[in-house]
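Below is one structure, written out as structure tokens; the observations come after it.
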Amino acid sequence: MPESHSKQTHKEPLADFKVGVDNVIFSVDSVLNRLLVLLVMRHEDPYLNQWSLPGTLVRRSESLEQAAYRILSEKIRVQNLYLEQLYSFGDPGRDPREAPDQYGVRYLSVSYFALVRFDEAQLIADGVSGIAWYPIHQVPDLAFDHNQILEYGYRRLRNKLEYSPVAFDVLPEMFTLNDLYQLYTAVLGENFSDYSNFRARLLKLGFLYDTGVKASRGAGRPASLYRFDAEAFDLLKDKPMVFI
């Protein structure tokens, strides 16, 4: 490192941060077979009346994860969900509340992503308008750098589906293979795999348990209902694999 640059770095003051949490909350509408993300309308500056991800500044008494669950509980009622820390976003200037000089407060966002069951999720408005599910490919320009955060969360979700059992956290306890396939196509697109190959690969891995119960839906032949066998999956989770 050049000496001049080293001296300049040492003289620069340390950043003073405020820490926020922003949640990328996904769900799958199985009826219309589409991936949705939860957005809220901002009712104060900056970005007044612009859509954003649900977020909050972290309180003194809570951890980052507690703040993530708090903002979830303030926006949505749901029993089953998957929540995971995503990434930290802290580039200078990402928040217009930052002062233009080098001594101003910086705003850091620690983001989380969640996957919830659409059928059981109840949105909480509390008398304030502006909370809605948006199809992932119809999301408008969001406040702050939330489009970037959303894209990062979307990539993480797609990757998680390829090697982890995250889908089973939001499916009913008993489900058909077509239910599972429709969830995957909603997230990954209809061309990720044909149904026959998808079915054969999953059944071969041995972590789906056939309950022996049949589900009748429409005029077609009754379909078998399966359960996810977590113990059987534990034997595979340390092995590199792609099960779709």
Side-chain angles (χ1 to χ4, degrees), residues 9 12-27 35-78 81-116 121 123-126 128-161 164 166 169 187:
T9 302
E12 188 174 351
L14 297 177
D16 182 14
F17 280 104
K18 283 192 175 182
V19 179
V21 164
D22 292 303
N23 285 348
V24 187
I25 305 172
F26 292 114
S27 192
L35 178 65
L36 307 172
V37 62
L38 188 66
L39 300 181
V40 296
M41 181 74 74
R42 288 188 56 80
H43 296 285
E44 59 185 13
D45 287 323
Y47 300 105
L48 177 67
N49 295 328
Q50 191 163 341
W51 290 101
S52 70
L53 299 172
T56 183
L57 290 176
V58 179
R59 296 171 178 170
R60 288 180 180 270
S61 61
E62 64 186 356
S63 67
L64 294 172
E65 187 170 282
Q66 287 171 336
Y69 275 110
R70 173 168 60 82
I71 196 63
L72 265 170
S73 67
E74 291 173 356
K75 302 301 181 186
I76 190 170
R77 294 188 184 96
V78 65
L81 63 88
Y82 177 87
L83 181 71
E84 177 182 301
Q85 190 173 123
L86 180 62
Y87 197 70
S88 296
F89 296 82
D91 288 348
R94 63 171 297 275
D95 191 310
R97 290 170 292 188
E98 294 179 4
D101 62 74
Q102 60 180 338
Y103 300 104
V105 173
R106 295 261 303 280
Y107 283 77
L108 172 71
S109 171
V110 180
S111 58
Y112 284 76
F113 87 94
L115 185 62
V116 303
L123 302 187
I124 303 172
D126 285 341
V128 178
S129 62
I131 179 169
W133 291 110
Y134 262 77
I136 189 68
H137 297 301
Q138 297 177 21
V139 170
D141 287 336
L142 303 178
F144 306 105
D145 53 357
H146 287 188
N147 286 95
Q148 179 186 359
I149 296 174
L150 172 57
E151 175 57 30
Y152 201 98
Y154 186 28
R155 290 203 307 268
R156 175 71 66 83
L157 176 61
R158 285 178 290 183
N159 290 338
K160 293 288 289 187
L161 283 181
S164 81
V166 60
D169 288 321
V187 177

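Looking at heavy atoms from C-beta onward, Leu115 lies out of side-chain contact with Ser27 at the 4.5 angstrom threshold. In this structure, Tyr152 and Val24 have side chains that are not in contact, with every pair of non-hydrogen atoms separated by 4.5 Å or more. Ile124 is not listed as a side-chain neighbour of Ile131, based on a closest heavy-atom distance of 4.5 Å or more. Using a 4.5 Å cut-off on side-chain heavy atoms (C-beta onward), Lys18 and Arg97 make no contact.
Every residue meeting the side-chain contact (heavy atoms from CB on, under 4.5 Å) condition with Glu151, not counting sequence neighbours, appears here in chain and number order: Tyr154, Arg155, Arg158.
Here the straight-line distance linking atom CD1 of Ile136 with atom CG of Leu150 works out to 4.0 Å at 0.5 Å rounding. Going from atom CD of Glu65 over to atom CD of Glu84 covers 10.5 Å, rounded to the nearest 0.5 Å. To the nearest 0.5 angstrom, Leu157 atom CG is 10.5 Å from Leu86 atom CG. Atom CZ of Phe26 and atom CG of Leu35 lie 6.0 Å apart (nearest 0.5 Å). For the atom pair CD (Gln148) and CZ (Arg94), the distance works out to 8.5 Å, reported to the nearest 0.5 Å. Rounded to the nearest 0.5 angstrom, Glu74 CD and Asn23 CG are separated by 10.5 Å.
Aromatic ring pairs are classed by plane angle as parallel below 30°, tilted from 30° to 60° and perpendicular above 60°; the pair Tyr82 and Phe113 is tilted.
No donor-acceptor pair under 3.5 Å is formed between the side chain of Arg42 and the backbone N or O of Ala143. Looking only at distances, a side-chain donor or acceptor of Asn147 sits under 3.5 Å from a matching main-chain atom of Pro140. Under the 3.5 Å distance criterion, the side-chain polar atoms of Ser111 are matched with a main-chain donor or acceptor of Tyr87.
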Take Leu123 and Leu38 through the test side chain to side chain contact (heavy atoms under 4.5 Å, CB included) and record every step on the way to the result. CA-CA 9 Å; Leu123 302 187; Leu38 188 66; 3.6 Å; yes
Dump the intermediate steps for side chain to side chain contact (heavy atoms under 4.5 Å, CB included) on Ile76 and Trp133, then the final yes or no. CA-CA 11 Å; Ile76 190 170; Trp133 291 110; 3.7 Å; yes
Could you walk me through whether His146 and Phe89 pass the side chain to side chain contact (heavy atoms under 4.5 Å, CB included) check? CA-CA 10 Å; His146 287 188; Phe89 296 82; over 6 Å; no
Run the numbers on Leu81 and Ile25 for side chain to side chain contact (heavy atoms under 4.5 Å, CB included), then give the verdict. CA-CA 10 Å; Leu81 63 88; Ile25 305 172; over 6 Å; no
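The two residues Pro46 and Asp95 make their nearest non-hydrogen contact at CG-OD1, 4.3 Å. Contact between Leu57 and Arg70 at its shortest, heavy atoms only, is O-NH2, 3.2 Å. In this structure, Ala68 and Leu83 approach most closely via the heavy-atom pair CB-CD2, 4.3 Å.
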Show me the donor-acceptor pairs, under 3.5 Å and distance only, between side chains in residues 48-55 and residues at least two apart or in other chains.
from, atom 1, to, atom 2, distance (Å)
Gln50, NE2, Asp141, O, 3.3
Gln50, NE2, Leu142, O, 3.4
Trp51, NE1, Tyr134, OH, 3.3

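Around the CG atom of Asp91, the shell of radius 6.0 Å holds no more than 12 heavy atoms that belong to other residues, nucleotides or ligands.
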